[in-house]
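All values below come from the heavy atoms of this structure, side chains included, with hydrogens, waters and symmetry mates left out.
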Amino acid sequence: MQFGASKMFKVIRILFGAFMIMVYLGMAYLLFINFFKWNTEPWLSLRYVFAIVLALYGIYRCYRQIKGTDYYRLKDMEERFDRYNKTQDNHESK
C-alpha cells in the first residue's frame, strides 16, 4: 500500500513540476515578445528583468526536475508511511 501511495505522490509532483516549468518559461517568453504591450517607461525595462528572472528560474526548475533533486520530501513521507503501516500491523496482530 505504501508503495502505491508513494508512487502516486511522485507522479503528481512530476506533473506539477513540468506544468510549473511551462508556466515560468511561457511567461518569460510572453514578456520578451511584449505580449502585454507594456510600453511605458517603468515597465519597459522591468519586463526584461522579469523575463530573465523567470527564464532562469524555469531553467533551474527544469534542471532540478531532470536531476531528481526535487523529491527530498518524498523519502521522509515514505518513512512515515512505513512507520504508520508497522504500527497498524502491530495493532491488527494483537
Which side-chain N or O atoms in residues 18-25 pair as donor and acceptor under 3.5 Å with protein atoms at least two apart or in another chain?
none

Please report, to 0.1 Å, the donor-acceptor pairs under 3.5 Å made by any side chain of residues 33-52, with sequence neighbours excluded.
{"unit_1": "Asn34", "atom_1": "OD1", "unit_2": "Lys37", "atom_2": "N", "d": "3.4"}
{"unit_1": "Asn34", "atom_1": "OD1", "unit_2": "Trp38", "atom_2": "N", "d": "2.9"}
{"unit_1": "Asn34", "atom_1": "ND2", "unit_2": "Asn39", "atom_2": "OD1", "d": "2.8"}
{"unit_1": "Arg47", "atom_1": "NH1", "unit_2": "Leu31", "atom_2": "O", "d": "2.6"}
{"unit_1": "Arg47", "atom_1": "NH1", "unit_2": "Phe32", "atom_2": "O", "d": "3.4"}

- Which distance, rounded to the nearest 0.5 Å, do you find between the OH of Tyr57 and the CZ of Arg64? 5.5 Å
- Message: Looking at every heavy atom in both Leu54 and Met27, which two are closest together, and how far apart are they?
- Response: CD1-CB, 3.8 Å
- Would you kindly confirm whether Leu30 and Ile59 end up in one hydrophobic cluster when ILVMFWY residues are joined by side chain heavy atoms under 4.5 Å apart? no
